[in-house]
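By convention in this document, chain letters (A, B, ...) are assigned in the order of the sequence lines, proteins followed by strands, and residues within each chain are numbered from 1. The analysis underlying the following values was restricted to heavy atoms, covering all of them including side chains, and did not include hydrogens, waters or symmetry mates.
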2 protein chains.
Amino acid sequence: MANIKDIAKLAGVSVTTVSRVINGHPYVSDDKRAAVLRAMKATNYERNINAVHLIKGKTNLIGVMVPSIKRPYFGLVVEGIAEEALKGNYKLVLIQTNYEEERELEALMMLKLKQIDALIICSKISDWDIVEEYAAYGPIIAFEDARGRNVSSIYIDHYKSFMEALTYLSGKGHRKIGYCLARKSGTSSRQREAAYRDFLKRSGESFDPDCVFYDAIHFEDGEWIVERLMTSLLVTSDQVAAGILACCNEQNLQVPSKLAIVSFDNQPIAKVLNITTFAIPLTEIGRDLFRKVMTREFGQQEIPVKLIERLTV
Amino acid sequence: MANIKDIAKLAGVSVTTVSRVINGHPYVSDDKRAAVLRAMKATNYERNINAVHLIKGKTNLIGVMVPSIKRPYFGLVVEGIAEEALKGNYKLVLIQTNYEEERELEALMMLKLKQIDALIICSKISDWDIVEEYAAYGPIIAFEDARGRNVSSIYIDHYKSFMEALTYLSGKGHRKIGYCLARKSGTSSRQREAAYRDFLKRSGESFDPDCVFYDAIHFEDGEWIVERLMTSLLVTSDQVAAGILACCNEQNLQVPSKLAIVSFDNQPIAKVLNITTFAIPLTEIGRDLFRKVMTREFGQQEIPVKLIERLTV
DNA sequence: CTGTTAGCGCTTTCAC
DNA sequence: GTGAAAGCGCTAACAG
């Protein structure tokens, strides 16, 4: 494969001149430019991008840390990131972590090694201390509440949203409210649990561990959740809510009279199934994440969540 | 940021020696190795991966061309690719094409520029001629029928599968069979249409354009499909089938007596909703794609599709 | 306008 | 065991 020197020789000019025409610099005479272009065409020349990366110290690659790409939730976020990346001529490096710290560290490491120019954390398990440490090596942004931390973020105040949902449900006369979380640990789960406990305390009720459902992630998880009878359910994903609804249909369990459901995200499936849900503009957030991490400005930005009342409450 | 020269100086050795300890080569005395390690620790040294890429001519990055990552179908395939990539210490570069030729060309270009070591095409719109041209620059594999082409592939014979589904449906006594496709063009759509027309011809019926539904991709697309009354439906995605089913429930349209549904993929949602579907092991295919492209061996491999009989026929 | 030249940071012969 | 030195392919002062 021809390199810049070959082209220079073939065109009878210096490598500088070749470099200039490659990069569209001015001050190259038309005939030399033509000669270079001809030589490039003749040899099917393509410049070695890795050499460019080396000398420039950047790669036009943005890392995206994501637990599992098959979850529609993250699919929507990454979709937004990808849309925006396209415009800026950036490519995405997908790091699927499965919430393993070791994988997350790899993503952070890529930033340190300058293999990626910036890192977008869609969700993580590692401690903020670690993320902060790596933030020294390049821009990092997280889609997770990083208030009080030295890391930029676009976040949802899950305490506030959960409290709002709980209040809404109870205002509609529902008691024995159960809730589903995708996982036990993590910032958002902690915030939600706190909201739930505070809500209970306020209304003088005691906490019942049977009301909490962990690892509720996919549509199919609706199945085992319905088994445990609640009168209302707070679900952190429309996918799961849809699965629950499907099972209710099967079992002729009336919604919302026997079981009320509120969920989060407002994914398309929630619209079709008329699920009452809190809208979270995931794809738009993806776009924002990309734009914001590229500016390299530090900052925390809260995304408000908006109740969409439909037929499940 | 310290480089290899700094480490060499600090440790009082040559860069060669430093390089040796970095890469775990033998023939380095214990004390020198210790000195180097100490210097690396002291300076928080990390080698510049781009320099390595330049000299080695490879990047440990694998390109993944995908139309839209938010579609669960592709999410599942990419999940499999990511799992396997992890084991081989490869990272994925996601190129979301939205079926635009220009984007697809960019992905192909990355291979030519050696920014990625190999390319996995999950689905494409570009002509095979173009793909074949770029196959000269590095390993390419496609999850699309490439028989007769100079590109490796793992594929599903959509003609065969569609014919099987049609035969099954008609064997169950269904007439006026409609079918949904994700898009109008593309190898698989062409194969399916051909099967449908051949099937019609064989049973002496004529083709009715009203029986074809294009752009049926997401759950929510089920809505407008139900509007046009069929007695049975061949759906190329469980997501859409689920959406159709949801609308049938809403409208009290009995399935399968009033409308029979067969779909493809056997995604988890199909199991929960008891949808009769043809199983396609998407995640496993993802893993295979990765493994196969890494071997660099040319070959076409058909993935058989298996009918899972449930309650929608 | 054009070319010379000094790197970017690392790997790898090759000779000692 | 060790190190000098020659690149990998490209960019960007700098000098003309």
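Contact of the A/I4 side chain with the A/Y45 side chain is registered, since non-hydrogen atoms from C-beta on lie closer than 4.5 Å.
Here C/dG9 presents its P atom at 9 Å from CG of B/D6, a figure rounded to the nearest Å. Atom NE2 of B/H53 is separated from atom C1' of D/dC8 by 14 Å (rounded to the nearest Å). Remark: P of D/dG1 and NE2 of B/H25 are 15 Å apart, rounded to the nearest angstrom. Rounded to an integer number of Å, the gap from CZ of B/R47 to C1' of C/dG9 is 11 Å. Rounding to whole angstrom units, CG of residue B/L113 and C1' of D/dG9 are separated by 13 Å. At whole-Å resolution of the value, NZ in A/K5 and C1' in C/dG7 are 13 Å apart. Between the C1' atom of D/dG9 and the CD1 atom of B/I55 lies a distance of 11 Å, rounded to the nearest Å. Here D/dA6 presents its C1' atom at 14 Å from CG of B/L54, a figure rounded to the nearest Å.
A/D215 has no carboxylate O lying under 4.0 Å from a charged side-chain N of A/K184, or vice versa, which leaves the two without a salt bridge. A salt bridge is defined here as a Lys NZ or Arg NE, NH1 or NH2 lying under 4.0 Å from an Asp or Glu carboxylate O, and B/D288 with B/R291 meets this definition. With respect to the salt-bridge test (charged N to carboxylate O, under 4.0 angstrom), the residues B/E83 and B/R287 qualify.
The shortest distance between the side-chain N/O atoms of A/N3 and the OP1/OP2 oxygens of D/dG9 is below 4.0 Å.
As judged by a 4.0 angstrom heavy-atom cut-off over every strand, B/N23 is placed among residues touching the sugar-phosphate backbone only.
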I'd like a table of atom pairs between the protein and nucleotides 2-5 of chain C - only N or O on both sides, under 3.5 Å - with the distance next to each one.
residue, atom, partner, partner atom, Å
C/dT2, OP1, A/S29, OG, 2.5
C/dT2, OP2, A/S29, N, 2.5
C/dT2, OP2, A/S29, OG, 3.2
C/dT2, O3', A/K32, NZ, 3.3
C/dT2, O4, A/R20, NH2, 3.4
C/dG3, OP1, A/K32, NZ, 3.1
C/dG3, OP2, A/S14, N, 3.1
C/dG3, OP2, A/S14, OG, 3.4
C/dG3, OP2, A/T17, OG1, 2.8
C/dG3, O6, A/R20, NH2, 2.9
C/dT4, O4, A/T16, OG1, 2.6

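For the helix from C/dC1-D/dG16 to C/dC16-D/dG1, the rotation axes defined at the first and last 5 base pairs enclose an angle of 40°, given to the nearest 10°.
If you check the side chains of B/T59 and B/D117, you find a donor sitting under 3.5 Å from an acceptor.
Between B/L54 and the choices A/I49, A/L54, A/V52, the side-chain contact (heavy atoms from CB on, under 4.5 Å) rule is met once, by A/L54. For the side-chain contact (heavy atoms from CB on, under 4.5 Å) with A/I62, the qualifying choice from A/I120, A/L111, A/L119 is A/I120, the only one to do so.
Considering only residues two or more places apart in sequence or on other chains, B/Y73 meets the ring pair (Phe, Tyr, Trp, His ring centres under 6.0 Å) condition with none of them.
Cation-pi geometry between B/R183 and B/Y99 is met: under 6.0 angstrom from the ring centre, within 45 degrees of the axis.
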